[in-house]
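See below for the structure under consideration.
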Amino acid sequence: MHAYRRAAAGAAALVAVAAALSVTAAPADAADPCYSEAQPTTGPPLDLPTGPGCDDTVPPETSIDSSPVVGGWLRATSVSITFSGRHPDADSDPISYECQFFNSVSTPTTWQSCTSPFSRDGLDENTATPYTFRVRAVDTPDNAHDLTTDAWYPASADAPDYDQRPAELSFTADATAPNTFGFLRTTYADDSGFDGPMLVANSAQVRLQSSQGTTYRCTLNRKDVACNDGLTTLRPLGAGWKRFEAAAVDPAGNVDPSPFVEEFFVPRNLALGNAPRASRGDWRRFRDPGAFGGDYLESARYGAMLSFPVRNVREIRLLAPAGPQLGRVEIRVGRGQWYRVNLSSSDPQKLKVYAVRGALSGLLAGTLQVRVASHGKPVRVDAISAR
């Protein structure tokens, strides 16, 4: 009888202890949020739980800080990507990282431990499927706990301890610069000249194409000009030497290091402003789409003059119409000799190139003069090439 009472008393005491423990554990259950996971604490007298388990439900966040990728393109065959993670709350647990790197259609199911920066060499260029880099931050100590195995306070689920929205970067590698091809598509004289062709219009067309892409960087005498794949028209062109350069740019931003180059010379279009004040009324301007610059000048007065300054000139050519009713002009530089040009011809032409002075002649400088040298016949002049 006494033994039964002692057993009953012991059982009652055990129940009382358990009841007391359950009462004291209630406030700990209400502790929220949980910053670091832990198994339930236990203690005497029977190694029963004295505190609940803790499930940190807020994982760290991940960000990619820097990479050489621009607009989805990598202009190299190696890559280095830096990344970091942070806790959005007061959690102070250390953070580790897991990464994926692939260029397959399907996303891998496994992750590999990694550190920042993430680097890869020997990438293939212009792959059909872009490369993808993914990284997620991991709450390191929390991820080591599996609260679903706890015996005293089994959890129905253990919230993931890694970023559920990994930082991601996709790109295509392309380190090869494109090649640029082009040609001057216009009417000109002396195409085979060693110093470049002379145009017979104040505009030129250049046809461009490249091995990659349809974008170009173009300059005319080192100044940027608009250009495009296919045909580009350069107009209006002022007198003098021109240097046109075009470098293809591929989608990755690689620029052709050896651009297409074309050099050519543009004659000076003669205008009423080239006539000295005393001779300005001797000339008339006529519009003609077949003329250089769309117009030409005409005079029937003997001695009527046109002039403009030149320097370092060897070759002189006159661009003018030809016809049976036309007269003659004379051309000189400074106080040098006069060179006579006969515009009369049984073969009418809207625009003809007349050789006045050869390219191997000595240098001249001064005022270039054009004067009417015939009586009773008009002359028509269009442009002068002095180079």
Side-chain angles (χ1 to χ4, degrees), residues 68-78 123-128 171-269 289-294 312-317 319 351 353 355 359-360 382-387:
V69 175
V70 178
W73 291 93
L74 173 69
R75 290 189 291 169
T77 55
S78 61
L123 303 179
D124 293 329
E125 297 185 49
N126 295 299
T127 54
F171 61 89
T172 299
D174 182 357
T176 303
N179 293 318
T180 313
F181 310 97
F183 66 90
L184 191 66
R185 183 179 181 271
T186 189
T187 303
Y188 45 80
D190 296 333
D191 179 34
S192 59
F194 67 91
D195 56 352
M198 182 195 81
L199 302 190
V200 293
N202 65 344
S203 64
Q205 290 184 318
V206 181
R207 183 171 292 280
L208 299 175
Q209 61 182 26
S210 73
S211 57
Q212 296 184 65
T214 57
T215 302
Y216 303 84
R217 293 180 184 174
C218 297
T219 61
L220 184 65
N221 289 1
R222 301 187 182 277
K223 293 183 179 180
D224 293 340
V225 293
C227 59
N228 52 269
D229 196 55
L231 205 59
T232 290
T233 300
L234 306 173
R235 70 157 71 94
L237 295 172
W241 282 106
K242 307 299 176 184
R243 180 183 174 90
F244 175 79
E245 295 189 20
V249 183
D250 66 18
N254 296 303
V255 182
D256 187 353
S258 55
F260 164 75
V261 177
E262 183 70 61
E263 293 185 337
F264 52 89
F265 188 83
V266 182
R268 175 189 291 267
N269 187 41
F292 185 98
N312 298 330
V313 168
R314 295 183 187 273
E315 179 189 83
I316 299 176
R317 296 196 173 191
L319 284 71
L351 188 64
V353 177
L360 300 181
D382 199 341
I384 287 282
S385 172
R387 53 176 175 165

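Everything numeric here is computed off the predicted structure, so don't read it as measured data. Just the heavy atoms: all of them, side chains too, but no hydrogens, waters or symmetry mates, feed the values below.
Closest approach of F292 and A383 over heavy atoms only: CD2-CB, 3.7 Å. Pairing each heavy atom of A204 with each of L237, the nearest pair is N-CD1, 3.9 Å. A pairwise comparison of heavy atoms in R217 and C227 identifies C-SG, 4.4 Å as the closest pair. Of all the heavy atoms in K242 and N221, the pair that sits closest is CA-OD1, 3.3 Å. Closest approach of N269 and D382 over heavy atoms only: OD1-O, 3.3 Å. Of all non-hydrogen atoms in D124 and A173, the two that sit nearest each other are O-CB, 3.6 Å.
Side-chain N/O atoms of D256 and S258 include a donor and acceptor closer than 3.5 Å.
Atoms CG and CZ, from N254 and R75 in turn, are 6.0 Å apart once rounded to the nearest 0.5 Å. Residue R222 holds its CZ atom at 14.5 Å from CZ of F244, rounded to the nearest 0.5 Å. Separating the CZ atom in F265 from the CG atom in L199 is a distance of 9.5 Å, to the nearest 0.5 Å. Separating the CG atom in D174 from the OG1 atom in T77 is a distance of 10.5 Å, to the nearest 0.5 Å. N179 contributes atom CG, which lies 10.5 Å from atom CG of D250 (distance to the nearest 0.5 angstrom). For the atom pair F260 CZ and F183 CZ, the distance stands at 9.0 Å (nearest 0.5 Å).
Side-chain contact between N228 and T214 is absent, with no heavy atoms from C-beta onward closer than 4.5 Å. At least one side-chain heavy atom of P267 sits under 4.5 Å from a side-chain heavy atom of M198. Residues F171 and L123 have side chains in contact (heavy-atom distance under 4.5 Å, counting atoms from C-beta outward).
Judged by distance alone, the side chain of Q212 and the main-chain N or O of T176 form a donor-acceptor pair under 3.5 Å. A donor-acceptor contact shorter than 3.5 Å is absent between the side chain of D229 and the backbone of G213. For T180 (side chain) and A248 (main-chain N/O), a donor-acceptor pair under 3.5 Å exists by modelled atom type.
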TODO: Walk me through it: do L319 and L351 pass the test side-chain contact (heavy atoms from CB on, under 4.5 Å)?
DONE: CA-CA 6 Å; L319 284 71; L351 188 64; 3.9 Å; yes

